[in-house]
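Here's the structure, in structure tokens; my notes come after.
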Amino acid sequence: MFSIEELNLEDIPELPGVYIFFSKEKKTLYVGKAINLLNRLRNYLKSKTHDPKTALMLSEAKYLDFIVVRNEYEALILEMTLIKEKIPKYNVQLRDNKSYPYIKIDFNEDFPALELFRGKPTKKKDVLYIGPYPEGSRLRSLLNYINSVLPLRKCSKTTFKNAKSFCIRYQMKQCLAPCTGKVDKEEYKKIVLLAKDWLTGDLDRVKKDLIKQIEKFSKEENFEQAARLRDSLFYIESFSNIKVVDPQGKLDVDAIYINKLGDISLVQVRRGFVSTNIIKRLINVQETNLRDAMLFFLYDFYSNIEPGKLICINIKLDEADLIERFFKERWNKKHRIKVISDDLLNDNEPSKKGKLRLDVKYLEILKIAKENLVAKNKINVFKEGFERLSEIFEKKISLAFALDVAHFQGEATVAGLSAADEKGLRKRYYRRVRLEDNSLDDYASLDLALKTLCKKKLEADLLLIDGGLGQLEVALKNLRDSSTIVISLAKEEEVIYLTDKRELRLPKSDYALRALMYLRDEAHRFANEYRKYLFAKARKPLKDKSY
């Protein structure tokens, strides 16, 4: 470890490796990789222009260390390993870096149950681990569903061992009561294998096996058992009715979409239908390091979960070949990464050239991932945003308004008021005002809009004004006696001006800022919609009434 102040750059080799910045207390601040350590660290230590995040990290850094490796691939793997292990303050990290669950079936038991398992699977003989599964909540739901349909035991080993009579689950036809000898081992094992096929996604095989057993019990005139399995078959048919993207059942694809805030949406397609749909949030992400964020997610997630044969992503990665090599070594299979640009995603009818470059099915799967992220963000932005606003202002923010003034070169001047609470936009509070001043003085128009709206006695916990300090001062004059918190939000830099005129700068990933931006943009849309209507109405030509 070297002191940065005393470091001699000549001591740094021109070789591939990993570098680590430490704080004064020798806590890890940042881990990075380089093909040429000397060039990269010279850029850090000698350049005078850095992005805000890097500048802040360097201002805290007091020590530096580096590890030389043989090639760029080794540098990538070591970098990712150290980031996961050290959790550096300024590196991209998953917000919920947790382990993924398995289903455990212990065939050493006479009557095994389906167990939810977290941790590292053992290599014990005749113990099957299915997974890991990307979604714990989805797995629990699936497990409950399977247990309600297939009559396997649900009780613990202790309860099963000490049982003296069957429980209510047997009466509800949800268990075969192996504890009291109501079923033999071989018959029970067939049901366990059905559950295993279901969990591994082979629903067609499950249905075929059930049909065979139904026919068998019918021939034996065991109509009660046949009816129970028939009900199970109906359940499975209804479970199978999920989004299919490839009726032929051949697609084995993952689609990963990342937005500018570091939110990631993953859709997995297995056997032609969507099997997994999750959203993750990364922290310490800026627009300048989206590639690092995608790279870290690919390494972290697919260290535990096997990827599809093809992984579609929406940003270009210089290290795509290195990640493909990591997949090959980790899973002993070839997995390919394909980039589909946002331009193609946003085009409802991709060009013929674009269609030649990619299969439209892949485009549609990545669109599903993007749409899921947009939908999820609309739900989360206000829920988490209002919680953050309440923390920032040390007051419960239950209802917020945003006000924007719009005009066209001084004509059709209007104001639009939008509203939201933690559940989303609340259109019953929306108001629009036509302003008669028709001037180019934005402050005068805002003043008139506030005077008009104040007469309506609309009150909220927070009022957001679109603009800077000037607009905020106008609003404060009109709301001197109000308990409403009044702030303004300047476009582009997205600086928040507080009631005492101080600046508050939040990262764009902060849900408080995202909620305010969403509310401000909605007020802007609402005002401009009204302004366009009035302008078009004023310019509507008179009908020809000549005789």
Side-chain angles (χ1 to χ4, degrees), residues 1-4 16-34 37 40-41 44 50-69 72-101 118-120 132 134-136 256 258-266 278-305 315 317 319 322-323 326-327 330 380 384 388 391 506-511:
M1 188 179 294
F2 304 89
S3 168
I4 292 176
V18 170
Y19 55 90
I20 311 164
F21 284 97
F22 298 91
S23 68
K24 183 170 66 175
E25 296 80 17
K26 298 186 179 180
K27 291 183 178 178
T28 308
L29 293 177
Y30 184 77
V31 176
K33 71 178 186 308
L37 283 167
R40 178 62 58 84
L41 290 172
Y44 270 107
H50 294 291
D51 62 75
K53 179 184 168 186
T54 303
L56 186 60
M57 184 275 291
L58 289 172
S59 70
E60 289 186 43
K62 299 300 177 187
Y63 297 98
L64 171 68
D65 203 356
F66 58 85
I67 303 168
V68 176
V69 295
E72 188 183 4
Y73 177 70
E74 287 186 1
L76 171 69
I77 299 304
L78 180 57
E79 178 197 28
M80 295 293 112
T81 303
L82 288 173
I83 290 172
K84 287 189 70 174
E85 180 185 328
K86 304 293 185 183
I87 314 179
K89 181 178 177 181
Y90 289 98
N91 278 100
V92 170
Q93 292 286 346
L94 275 170
R95 195 179 186 188
D96 56 342
N97 197 2
K98 57 188 179 184
S99 62
Y100 298 98
R118 283 187 185 271
K120 189 176 180 179
E135 296 176 272
I256 306 169
I258 185 170
N259 65 14
K260 293 179 180 179
L261 300 167
D263 298 326
I264 279 185
S265 175
L266 166 73
I278 63 172
I279 290 173
K280 296 280 185 180
R281 190 179 177 201
L282 294 161
I283 56 176
N284 292 337
V285 178
Q286 298 176 341
E287 288 187 44
T288 53
N289 69 343
L290 284 178
R291 287 177 176 82
D292 291 343
M294 179 63 81
L295 190 64
F296 179 76
F297 179 80
L298 290 170
Y299 175 83
D300 181 86
F301 189 79
Y302 291 120
S303 292
N304 304 290
I305 305 290
I315 59 170
L317 280 183
E319 300 91 344
L322 302 180
I323 286 292
F326 165 69
F327 292 159
R330 174 68 182 84
N380 280 353
E384 298 200 28
R388 281 283 293 125
E391 289 174 13
L506 299 174
K508 288 188 178 178
S509 59
D510 193 300
Y511 272 107

Report the distance from atom CG of L58 to atom CD1 of I4, rounding to the nearest 0.5 Å. 7.0 Å
Is the number of heavy atoms from other residues, nucleotides or ligands within 6.0 Å of NZ (K53) greater than 12? yes
When rounded to the nearest 0.5 angstrom, what distance separates OG1 in T28 from CD1 in I20? 6.5 Å
For a quick test of reading the model, state the closest non-hydrogen atom pair linking N284 to N289 and the distance between them. O-ND2, 3.2 Å
Residues in ring-ring contact (aromatic ring centres under 6.0 Å, His included) contact with F326, at least two apart in sequence or another chain: Y299
Holding to side chain to side chain contact (heavy atoms under 4.5 Å, CB included), I want the full list of residues that pass it with S3, two or more places apart in sequence or in another chain. E5, E6, Y63
Applying ring-ring contact (aromatic ring centres under 6.0 Å, His included), can you list everything that pairs with F66, at least two apart in sequence or on another chain? F2
Side chain proximity check, T54 to Y90, heavy atoms < 4.5 angstrom: no
Any pair with a residue in residues 24-34 that passes salt bridge (charged side-chain N to carboxylate O under 4.0 Å, His left out), sequence neighbours left out, goes on the list, sorted by first then second residue, please. K33-E79, K33-E319
A293 and V92: which non-hydrogen atoms are nearest, and at how many Å? CA-CG1, 3.8 Å
dist N304:CG -> Y302:OH (nearest 0.5 Å) comes out at 11.5 Å
D263 meets the side chain to side chain contact (heavy atoms under 4.5 Å, CB included) criterion, sequence neighbours left out, with N259, L261, R281, L373, N377, R514
In chain order, what residues pass the ring-ring contact (aromatic ring centres under 6.0 Å, His included) check against F22, with sequence neighbours excluded? none
Please list, chain by chain and in numerical order, all residues satisfying salt bridge (Lys or Arg N to Asp or Glu O under 4.0 Å) with E72, sequence neighbours excluded. none
Applying side-chain hydrogen bond (donor to acceptor under 3.5 Å, both in side chains), name anything that partners Y44, two or more places apart in sequence or on another chain. Y19
Taking every heavy atom of A75 against every heavy atom of G17, the minimum-distance pair comes out as CB-O, 3.9 Å
What residues form a salt bridge (Lys or Arg N to Asp or Glu O under 4.0 Å) with D51, not counting sequence neighbours? none
Please find the pair of heavy atoms, one from L290 and one from I315, that lie closest to each other, and give the distance. O-CD1, 3.4 Å
Salt bridge (Lys or Arg N to Asp or Glu O under 4.0 Å) against R388, all qualifying residues, sequence neighbours excluded: E391, D510
Side chain to side chain contact (heavy atoms under 4.5 Å, CB included) partners for I87, two or more places apart: Q93
State, to 0.1 Å, how close P88 and I83 come at their nearest heavy-atom pair, and which atoms those are. CD-O, 3.5 Å
Backbone N or O of L94 within a donor-acceptor pair of the K280 side chain at under 3.5 Å? no
Pairwise distance CD(E85) to CG(L82) - rounded to 0.5 angstrom: 6.0 Å
Kindly write out the residues that satisfy ring-ring contact (aromatic ring centres under 6.0 Å, His included) with F297, not counting sequence neighbours, or none if the list is empty. F301
Here the pair of heavy atoms bringing A55 nearest to H50 is N-CB, 4.0 Å
Out of curiosity, S303 OG to M80 CE, how far, rounded to the nearest 0.5 Å? 10.0 Å
For L266, the option from I278, I305, I279, I258 that meets side-chain contact (heavy atoms from CB on, under 4.5 Å): I278
At what distance, to the nearest 0.5 angstrom, does CG of L295 lie from CG of L322? 8.5 Å
